[in-house]
Number of protein chains: 2
Amino acid sequence: MQVIRDAVAAMQEQGRLSHPEVSPAVEALVRDVIAQVADKWTMLILEALEEHGTLRFTQIGRIVGGISQKMLTKTVRQMECDGLITRKVHPVIPPHVDYTQTELGRELTAAFCGVWVWAETYYAQVEAARAAFKAREGR
Amino acid sequence: MQVIRDAVAAMQEQGRLSHPEVSPAVEALVRDVIAQVADKWTMLILEALEEHGTLRFTQIGRIVGGISQKMLTKTVRQMECDGLITRKVHPVIPPHVDYTQTELGRELTAAFCGVWVWAETYYAQVEAARAAFKAREGR
DNA sequence: TTCTATAGGCACCAAAAGGAGAGTGTCGGA
DNA sequence: TCCGACACTCTCCTTTTGGTGCCTATAGAA
């Protein structure tokens with residue numbers, strides 16, 4: 001993440017941002033936001049919430065699968081910080097915490113949906129391209 | 001990346017993939033493909049090619065900004081492998097290599113466009129959410 | 001003659017990501 | 001009475017990521 005910030009800073013200095021029509025500050029933020037949300041766990045968690053509605057901590061972990069507690073905690077914190085989800089703590093024992101998509105989160109899920117569709121549409125072509133590449137480079 | 005493959009394998013065993021209607025193998029591939037293409041440099045390079053058309057190695061580096069030669073090489077290789085771009089080597093000295101988006105790459109760029117638009121539309125809200133979060137957690 | 005541009009490869013090293021496992025506090029069940 | 005559930009946090013350790021600098025070949029410029 002720091003790398004991106006540095007890169008953006010360098011680009012601002014040198015005045016060669018790719019969208020000269022928008023302000024450099026906006027570009028920087030957009031890149032930063034994209035770098036955050038493009039995270040693989042973020043997308044998987046967002047999708048889990050989209051499909052199942054409000055979920056609890058361990059439910060998300062089970063649905064997403066293969067995520068460690070540490071990463072799950074870290075990712076949901078980041079998502080809460082970015083306003084993609086809300087975190088509701090019920091002060092009972094044992095603890096009970098609910099996670100829900102915000103409107104912002106739903107919009108992002110919808111936007112990212114195009115990439116899911118792309119992947120589902122073209123994964124076979126990607127596979128074929130990989131096989132062809134391997135064959136080319138192999139010999 | 002290996003993590004994802006492991007996670008997918010674990011999920012296949014336990015039969016709790018999020019899209020039961022599609023085959024587990026397809027799901028695995030889709031996740032794998034998304035994990036690859038959601039890479040930040042991939043997206044920036046794709047965007048550079050979308051805006052400027054065919055580019056040479058160092059041109060991409062300059063336009064993207066802040067990327068090391070090593071990462072640039074690695075990323076374009078991966079993209080070529082996945083069939084997102086074509087790499088044309090002109091056997092001259094000094095070397096001359098052209099990179100161009102394939103149809104697959106253009107489709108992905110278009111799909112990812114939604115996320116760019118989302119970021120440009122809502123970055124201010126994300127900023128606000130972050131500030132609010134910081135204020136909440138600060139005290 | 002020496003320098004530069006081009007598109008990398010290779011080796012070394014620092015930093016970050018991320019996994020495993022233990023600890024926490026309390027309540028309800030066996 | 002001891003265990004497990006929940007939603008974490010913390011520490012230790014390994015793996016991965018990514019940066020830097022040095023190397024290549026040769027044509028043309030200075």
Side-chain angles (χ1 to χ4, degrees), chain A residues 1-10 32 35-45 48-49 54-81 85-100 137, chain B residues 1-11 31-32 35-45 48-49 54-81 85-100 137:
Chain A
M1 300 304 160
Q2 188 52 44
V3 184
I4 289 197
R5 253 176 284 271
D6 293 347
V8 169
D32 183 75
Q36 301 275 5
V37 303
D39 177 77
K40 71 172 184 270
W41 295 128
T42 300
M43 282 306 156
L44 295 177
I45 292 172
L49 289 172
T54 296
L55 290 173
R56 300 177 59 174
F57 185 82
T58 45
Q59 286 184 310
I60 298 177
R62 270 195 299 271
I63 292 169
V64 168
I67 185 170
S68 65
Q69 271 197 342
K70 181 178 165 181
M71 282 313 294
L72 183 49
T73 303
K74 199 181 142 192
T75 309
V76 292
R77 277 295 130 71
Q78 182 64 53
M79 290 171 74
E80 188 199 357
C81 173
I85 57 175
T86 55
R87 177 164 168 276
K88 183 162 230 164
V89 180
H90 303 268
V92 294
I93 286 172
H96 184 134
V97 182
D98 285 326
Y99 293 94
T100 314
E137 305 297 300
Chain B
M1 300 305 158
Q2 188 52 44
V3 183
I4 290 196
R5 253 176 285 270
D6 294 347
V8 169
M11 293 171 69
R31 288 201 181 208
D32 183 75
Q36 300 275 2
V37 303
D39 175 76
K40 73 171 182 267
W41 294 127
T42 301
M43 281 307 155
L44 295 178
I45 292 171
L49 289 172
T54 297
L55 290 173
R56 300 178 60 174
F57 185 81
T58 45
Q59 286 182 310
I60 298 177
R62 271 196 296 270
I63 292 168
V64 169
I67 185 170
S68 66
Q69 271 198 340
K70 183 177 165 181
M71 284 310 296
L72 184 50
T73 303
K74 198 180 144 193
T75 309
V76 293
R77 278 294 129 69
Q78 183 64 52
M79 292 171 75
E80 188 199 357
C81 173
I85 56 175
T86 54
R87 177 165 168 276
K88 182 163 230 164
V89 181
H90 302 269
V92 293
I93 285 171
H96 184 135
V97 182
D98 285 325
Y99 293 94
T100 313
E137 304 298 301

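Note that the structure is predicted; figures quoted are calculated from it, not measured. Chain letters run A, B, ... following the sequence lines, proteins first and then strands; every chain starts at 1.
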K.L.:
Using atom NE2 of B:His96 as one end and atom P of D:dA27 as the other, report the distance to the nearest whole Å.
P.N.:
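After rounding, the reported distance stands at 18 Å.
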K.L.:
Please give, in whole Å, the distance from C:dG8 P to B:Met71 CE?
P.N.:
15 Å
K.L.:
Would you be so kind as to tabulate the donor-acceptor pairs closer than 3.5 Å made by side chains of residues 65-77 of chain A, with sequence neighbours excluded?
P.N.:
from: A:Ser68; atom 1: OG; to: A:Met71; atom 2: N; distance (Å): 3.3
from: A:Thr73; atom 1: OG1; to: A:Gln69; atom 2: O; distance (Å): 2.9
from: A:Thr75; atom 1: OG1; to: A:Met71; atom 2: O; distance (Å): 2.6

K.L.:
Does A:Arg62 put a side-chain nitrogen or oxygen below 4.0 Å from OP1 or OP2 of D:dA5?
P.N.:
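So the side chain of A:Arg62 is outside the cut-off, no N or O lying under 4.0 Å from OP1 or OP2 of D:dA5.
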K.L.:
Should the pair B:His96 and B:His90 be assigned to parallel (<30°), tilted (30 to 60°) or perpendicular (>60°) ring geometry?
P.N.:
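Taking B:His90 first and then B:His96, their aromatic rings stand perpendicular (interplane angle over 60°).
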K.L.:
Just how far, in rounded Å, is P of C:dA16 from CG of A:Asp39?
P.N.:
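A:Asp39 atom CG is separated from C:dA16 atom P by 17 Å.
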K.L.:
Which heavy-atom pair separates B:Ala48 from B:Leu55 by the least distance, and what is that distance?
P.N.:
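B:Ala48 and B:Leu55 have their closest heavy atoms at O-CD1, 3.9 Å.
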K.L.:
Can you list the residues that meet the side-chain hydrogen bond (donor to acceptor under 3.5 Å, both in side chains) rule with B:Thr42, with sequence neighbours excluded?
P.N.:
B:Asp39
K.L.:
Show the nearest heavy-atom pair for residues A:Leu49 and A:Tyr99, with the distance to one decimal.
P.N.:
CD2-O, 3.5 Å
K.L.:
Rounding to a whole Å, what distance do you find between A:Glu80:CD and D:dA7:P?
P.N.:
14 Å
K.L.:
In whole angstroms, how far is the C1' atom of C:dT6 from the CD1 atom of B:Ile60?
P.N.:
14 Å
K.L.:
Rounded off to whole Å, could you give me the CH2-to-C1' distance for the A:Trp41 and C:dG18 pair?
P.N.:
10 Å
K.L.:
Whole angstroms only, please: what is the OH-P distance between A:Tyr99 and D:dA7?
P.N.:
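Interatomic distance, OH of A:Tyr99 to P of D:dA7: 8 Å.
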K.L.:
How does protein reach along nucleotides 20-30 of chain C, written 5' to 3' as B (base within reach of a heavy atom under 4.0 Å), S (only sugar-phosphate), or - (no contact)?
P.N.:
-----BBS---
K.L.:
For A:Arg56, which residues count as a salt bridge (charged side-chain N to carboxylate O under 4.0 Å, His left out) partner, sequence neighbours excluded?
P.N.:
none
K.L.:
In whole Å, I'd like the distance from the NE2 atom of A:His90 to the C1' atom of D:dC8.
P.N.:
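After rounding, the gap between these two atoms is 16 Å.
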K.L.:
Please check the phosphate of D:dA7 (OP1 and OP2 only) for any side-chain N or O of A:Arg56 closer than 4.0 Å.
P.N.:
yes
K.L.:
Any idea which of C:dG19, C:dA7, D:dC8 is nearest the A:Arg77 side chain?
P.N.:
D:dC8
K.L.:
How would you list, by chain and number, every residue that makes a side-chain hydrogen bond (donor to acceptor under 3.5 Å, both in side chains) with B:Thr54, sequence neighbours excluded?
P.N.:
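With neighbours one apart ignored, the set is B:Thr100.
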K.L.:
Using the side-chain heavy atoms of B:Phe57, tell me which of these nucleotides is nearest: D:dC8, C:dA7, C:dG18.
P.N.:
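Looking only at side-chain atoms, B:Phe57 lies closest to C:dA7.
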